[in-house]
2 protein chains.
Amino acid sequence: MPIGQLDAIDRRILALLQGDARLTNVELAEKVNLSPSPCLRRVRRLEASGIIRGYHAELDRRGVGLELTVFVGIKVERHHEEQANAFREAVVNLPEVVTAHLVSGESDFLLQVVVPSLAAYEAFLTGTLLRLPGVSDIRSHFAIQPVKEYGTLPLANNNKT
Amino acid sequence: MPIGQLDAIDRRILALLQGDARLTNVELAEKVNLSPSPCLRRVRRLEASGIIRGYHAELDRRGVGLELTVFVGIKVERHHEEQANAFREAVVNLPEVVTAHLVSGESDFLLQVVVPSLAAYEAFLTGTLLRLPGVSDIRSHFAIQPVKEYGTLPLANNNKT
DNA sequence: TTAAAAATTGACACAAAATACCAATAAATA
DNA sequence: TATTTATTGGTATTTTGTGTCAATTTTTAA
């Protein structure tokens, strides 16, 4: 059951719920040409299998007073594994950090940071980021304009044959 | 009415729906110490005002066969505005591009690209990205490990006084 | 091709939630 | 303080979610 073999209907359900998580099961069932019962069962199965990880409201950042988004590339000295782990754990617990990835390339970590203002970012940078364990270099890329936000994942036919 | 002055209850509603968009209005009302009716009315107002932009299911990328996330920095020649606009429009319509921002710093645009495999990324890079109008330089940063995904926005007290 | 087994579906019934409307309360204004 | 305005809580109705079961479809193997 945990094996993820998705059929066409599953994929349509995922795509629809990605677009609107508040769709009624009745509406959803109509759109995928099922009756409500089997449709609901599929959704529950997708939830239980972990393919649907959760449902979230998308908020307008400006509307909630978060005017500034910054992408931050961070180099970390990783002579010991411990240091990298300490860094990871610290990052996870920072509410300003919306997203964080270990990446290849020039930087080691790439964070997405959201703050109310430039002043707040300055404070966050000097007061928090620069003090994280093992940080050797930080590059800030300020988001000037969102071109595409919260895009949904492409669910065409990525099925494992 | 469209003026966004959020009180403490509004902010708690937003935080809760950010965490779980499928909360029942009854549950939500309990958590914020309101009866269902005024709670629902607040939610509707937040939706109408645009502060709640939508509700989305969060999917497991691996689970839907999208094994690879790449952050792509792109430099675009912007001698004319037109070229930048053409680039923007093209990017918005690419399903593989989940997120795109115009940023300051070394690159002009920062994209988050999601694909099934390295081969698919190669094809996307050479077949699509490199052919976009005005592109002069591309740097790919492959996500090796997600440290923090889909973090919720920090909603402490960013109210405009 | 046929027969048996398994999985999936659709319909029904019940419980729970969403929604609209009302009077009552609280807050804001003059 | 008096009046207006906004917000709240309760009730009734409609809609939705959810579990059960028989019917259908699909799969598997002979």
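All values below were derived from every heavy atom in this structure, side-chain atoms included, with hydrogens, water molecules and symmetry-related copies excluded. A note on names: the letters A, B, ... follow the listed sequences, proteins ahead of strands, and every chain is numbered from 1.
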Report summary line: Closest non-hydrogen atoms of A/K148 and B/V92, given as atom of the first, atom of the second and distance, are NZ-O, 2.9 Å
Query - Atom-to-atom span, CG of A/L40 to P of D/dT16 - whole angstrom - result: 14 Å
Report task. For residues B/R88 and B/F109, determine if any side-chain heavy atom of one lies less than 4.5 Å from a side-chain heavy atom of the other. Result -> yes
Query raised in the report: Is the centre of the A/Y150 ring less than 6.0 Å from the centre of the B/H56 ring?
Result: no
Query raised in the report: Toward the 5' end of DNA chain C, which comes first, A/C39 or B/R44, by nearest nucleotide?
Result: A/C39
Requested in this report: Could you list by number each residue of residues 19-31 of chain B showing a heavy-atom separation from DNA chain C of less than 4.0 Å, or answer none if no residue does?
Outcome: B/T24, B/N25, B/V26
Requested in this report: Please report, rounded to the nearest Å, how far the C1' atom of C/dG10 is from the CZ atom of A/R41.
Outcome: 9 Å
Query raised in the report: Is the A/F142 ring parallel, tilted or perpendicular to the A/Y121 ring (thresholds 30°, 60°)?
Result: perpendicular
Query raised in the report: Closest heavy-atom contact between A/G63 and A/D60?
Result: N-OD2, 2.5 Å
Query - Over all atoms of both residues, closest heavy-atom pair of B/H141 and A/V103 - result: CB-CB, 4.2 Å
Query - Interatomic distance where CG belongs to B/D7 and C1' belongs to D/dT7 [whole Å] - result: 11 Å
Query raised in the report: Does atom CD of A/E27 have more than 12 heavy-atom neighbours, drawn from other residues, nucleotides or ligands, at distances under 6.0 Å?
Result: yes
Report summary line: Minimal heavy-atom distance between A/P154 and B/L66, with the atoms involved, is O-CD1, 3.6 Å
Report task. Quickly work out the A/L34 CG to D/dG17 C1' distance and round it to whole Å. Result -> 16 Å
Report summary line: Taking C/dC21, C/dG10, D/dT7 as options, the one with an atom nearest any side-chain atom of B/R45 is D/dT7
Query raised in the report: Among C/dT9, D/dT11, C/dG10, which is the nearest nucleotide to the side chain of A/I9?
Result: C/dT9
**Report entry** For atom CD of B/E47 and atom P of C/dA18, their distance in whole Å
**Finding:** 12 Å
Report task. Give me the bend of the helix from C/dT1-D/dA30 to C/dA30-D/dT1, using the axes of the five pairs at each end, rounded to 10°. Result -> 50°
Query raised in the report: So, B/N93 side chain and B/E89 main chain: donor-acceptor pair closer than 3.5 Å or not?
Result: yes
